[in-house]
There are 2 protein chains.
Amino acid sequence: MTQLTRTFAALSDPTRLSLVETLIASGELPAGALAAQATISAPAISRHLKVLREAGVVRQRIEGTHRFYSVDAGALARINSWTMDHRSFWGKSLDRLDGMLALDPEGEDQ
Amino acid sequence: MTQLTRTFAALSDPTRLSLVETLIASGELPAGALAAQATISAPAISRHLKVLREAGVVRQRIEGTHRFYSVDAGALARINSWTMDHRSFWGKSLDRLDGMLALDPEGEDQ
DNA sequence: GCGTTAATTAACATTTGCGTTAATAAAAGA
DNA sequence: TCTTTTATTAACGCAAATGTTAATTAACGC
């Protein structure tokens, strides 16, 4: 498991992706607040947070009995770097698709 | 499982990520060529390719007994879209990090 | 038609992932 | 100090993922 595959694995679960989106929107939240909005049990959330932490996707800040979680910006940046590393591969098709949608409803393929 | 989590799940396995990288580099390859460079068995590779296909990460083109695989550019574009959707979150830190590395070896934190 | 080649599917064993409830740990507050 | 609050870890069950070898499917070439 590389760093990148671990990051992808961390985000491959709907519950965890949802936690990440919530944390991106809120900035920093204690485990309890994250568990409160979830449909599964607090221990389950706690373990999902552990997976995210071990993958380097979130960070934990301890204050008293509270554990505040936040998304590590670097994790998203790493994913972005990977896609950008291959931009010459997918970027062309994307630009072409954009062009087709915007300028040529009939398409331009042979 | 959303489309995005399925894409992340497809790329969360080192073997599958490696297949994708190979296909990005080579463009299009038959299953046999992909199996040949792998350390695991051909049936195992065949199933990994199926996972990638069902997640929309690769496409299959049939020609005789050969199945040619290639990466679907849209899959990488979707991941890139997700990171870009949250760029205001991680972009700032990244820019700041870039700035620190380029301009201020001592850092600028208190 | 028949054997060969390319690839997948079947059957099986093992491991990993994810959920639950119960138990534990540690800080706060009366 | 004793109880409450916050959060995690333990123990357990079950479903899904991943690997292997054997069997199957389909096209080629003689």
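Numbers restart at 1 for each chain; the letters A, B, ... are given by sequence-line order, proteins then strands. Everything quoted here is computed from the prediction, not taken from an experiment.
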Separation of L49(B) atom CG from dG19(D) atom P, in whole Å? 12 Å

Can you tell me the base-pairing partner of dG19(C)? Count Watson-Crick or G-U wobble geometry only, both distances below 3.5 Å, and say none if there is no partner. dC12(D)

Parallel, tilted or perpendicular for F8(A) and F8(B), by the 30°/60° rule? parallel

For Q60(B) and dA26(D), give me the distance from atom CD to atom P, rounded to whole Å. 14 Å

Write down the distance between CD1 (I62(B)) and P (dT8(C)), rounded to a whole number of angstrom. 9 Å

dT8(C): pairing nucleotide in any strand, Watson-Crick or G-U under 3.5 angstrom: dA23(D)

First encountered from the 5' end of DNA chain C, between E63(A) and S12(A): S12(A)

In whole angstrom, give the distance that lies between atom CZ of R61(A) and atom P of dA7(D). 12 Å

What is the separation between atom CE on M1(B) and atom P on dA16(D), rounded to the nearest whole Å? 11 Å

Using a 4.0 Å heavy-atom cut-off, does A31(A) contact any base of the nucleic acid, only the sugar-phosphate backbone, or nothing at all? sugar-phosphate

Sort out for me which residue in R61(A), R59(A), R53(A) forms a side chain to side chain donor-acceptor pair (under 3.5 Å) with Y69(A). R53(A)

Given that Y69(B) and R47(B) both sit by DNA chain C, which one's nearest nucleotide is further toward the 5' end? Y69(B)

